[in-house]
Amino acid sequence: MDRRDFIKSSCAFCGVAIAGVALIDSCKKPAPTPVVVNFTLDLTNSANSALNSVGGYVYSNNVIVARINSAVAATSFVALSEACTHAGCTVSYSGSSSRFVCPCHGGMFDTSGNVVSGPPPSALTKYKTTLSGNILSVNS
Ligand code: FES
């Protein structure tokens, strides 16, 4: 093997190694759907300030918590499992459409967690929310 062949084969090996690392990284295990949920969010804490506006949302304990417009009350909160039921991507909330949206393959969920469109096979798990003063409790 001359010097040129050695460099070519070395570069090919590096390319395969980099592709392998990228493939393993893209197959990270999705966030688990929490079975037991019991936490609180202090709405005066800057980390939760998004929840002070309709359409805002935060993530905590593998749950997405969003402040939504509600037909029943002036405002309310919704807490759903954050991992899409299709392949586990993390959903976000779109206040303009009142939908939870998956960025990976376009899955959409309503504010009850039910599938509206796209490939997700089942609903997101919904959790109870209770606001007391500035403390929002989220429970299974
Ligand atoms: S992972 Fe959400 S639609 Fe595919």
Peer 1: Minimum heavy-atom separation for Asn45 to Ala47, with atom names?
Peer 2: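 In terms of heavy atoms, the two residues are closest at OD1-N, 2.8 Å.
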Peer 1: Just verifying a value: how many Å separate Leu124 CG and Thr111 OG1, rounded to the nearest 0.5 Å?
Peer 2: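 Rounded to the nearest 0.5 Å, the CG-OG1 separation comes out at 11.5 Å.
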Peer 1: Does the side chain to side chain contact (heavy atoms under 4.5 Å, CB included) test come out yes or no for Thr129 and Val78, once each step is laid out?
Peer 2: CA-CA 7 Å; Thr129 59; Val78 169; over 6 Å; no
Peer 1: Between Glu82 and Val63, is the side chain to side chain contact (heavy atoms under 4.5 Å, CB included) condition met? List the steps.
Peer 2: CA-CA 5 Å; Glu82 69 177 29; Val63 172; 5.9 Å; no
Peer 1: Could you tell me which non-hydrogen atom of Leu131 sits nearest to which non-hydrogen atom of Asn134, and how far apart they are?
Peer 2: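 Smallest interatomic distance, heavy atoms only, reads CD1-C, 4.3 Å.
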Peer 1: Applying disulfide bond (SG atoms under 2.5 Å apart) as the test, list every pair that has at least one member in residues 98-140; sequence neighbours left out.
Peer 2: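 Listed once each, the pairs are Cys89-Cys104.
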Peer 1: Is there a continuous path of hydrophobic side-chain contacts, each under 4.5 Å between heavy atoms, that joins Val91 to Val116?
Peer 2: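 Val91 does not cluster with Val116.
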Peer 1: Please name the pair of heavy atoms, one in Thr85 and one in Ala123, separated by the smallest distance, quoted to 0.1 Å.
Peer 2: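 Closest approach of Thr85 to Ala123: CG2-O, 3.3 Å.
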Peer 1: Write down the atom of Pro103, the atom of Thr90, and the distance for their closest heavy-atom approach.
Peer 2: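 Scanning both residues completely, I find the closest heavy atoms to be CD-O, 3.3 Å.
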Peer 1: Hey, any chance Leu43 and Val65 share a hydrophobic cluster, counting ILVMFWY side chains that come within less than 4.5 Å of each other, even indirectly?
Peer 2: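 Yes, Leu43 connects to Val65 through the hydrophobic network.
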Peer 1: Using side chain to side chain contact (heavy atoms under 4.5 Å, CB included), reason through Ser81 and Asn62 one step at a time and then give a plain yes or no.
Peer 2: CA-CA 6 Å; Ser81 50; Asn62 297 320; over 6 Å; no
Peer 1: So, taking the atom named CZ in Arg67 and the one named CG in Asn48, what distance separates them when rounded to the nearest 0.5 Å?
Peer 2: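 Between atom CZ of Arg67 and atom CG of Asn48 there are 12.0 Å.
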Peer 1: If you measure from CG on Asn69 to OG on Ser96, what distance do you get to the nearest 0.5 Å?
Peer 2: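 It is 11.5 Å, given to the nearest 0.5 Å.
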Peer 1: Among Val36, Thr125, Val35, which residue meets the side-chain contact (heavy atoms from CB on, under 4.5 Å) test with Ser140?
Peer 2: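 For Ser140, the side-chain contact (heavy atoms from CB on, under 4.5 Å) test succeeds with only one of Val36, Thr125, Val35, which is Val36.
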Peer 1: I need the Leu80 CG to Ser112 OG distance, nearest 0.5 Å.
Peer 2: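 Separation between the atoms: 8.0 Å.
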Peer 1: Roughly how far, to the nearest 0.5 Å, is the CZ atom of Phe77 from the CG atom of Leu41?
Peer 2: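 Output value for this atom pair is 9.0 Å.
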Peer 1: Return the minimal non-hydrogen interatomic distance between Ala50 and Tyr57, and the atom names on each side.
Peer 2: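 The answer is CB-O, 3.5 Å.
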Peer 1: How far does OG1 of Thr130 sit from CD1 of Ile135, to the nearest 0.5 angstrom?
Peer 2: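 It is 12.5 Å, given to the nearest 0.5 Å.
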Peer 1: Ring pair (Phe, Tyr, Trp, His ring centres under 6.0 Å): which pairs involve residues 95-140, sequence neighbours left out?
Peer 2: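 Ring pair (Phe, Tyr, Trp, His ring centres under 6.0 Å) check on residues 95-140 returns His86-His105, Tyr93-Phe100.
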Peer 1: Write down the atom of Ser122, the atom of Val115, and the distance for their closest heavy-atom approach.
Peer 2: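 Here Ser122 and Val115 meet closest at O-CG2, 3.3 Å.
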Peer 1: Using side chain to side chain contact (heavy atoms under 4.5 Å, CB included), reason through Leu51 and Leu136 one step at a time and then give a plain yes or no.
Peer 2: CA-CA 10 Å; Leu51 294 176; Leu136 180 66; 4.3 Å; yes
Peer 1: Report whether Ile64 and Val101 are members of the same hydrophobic cluster (ILVMFWY, side-chain heavy atoms less than 4.5 Å apart, transitive linking).
Peer 2: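 No, it is not one cluster - the side chains of Ile64 and Val101 are not joined through contacts under 4.5 Å.
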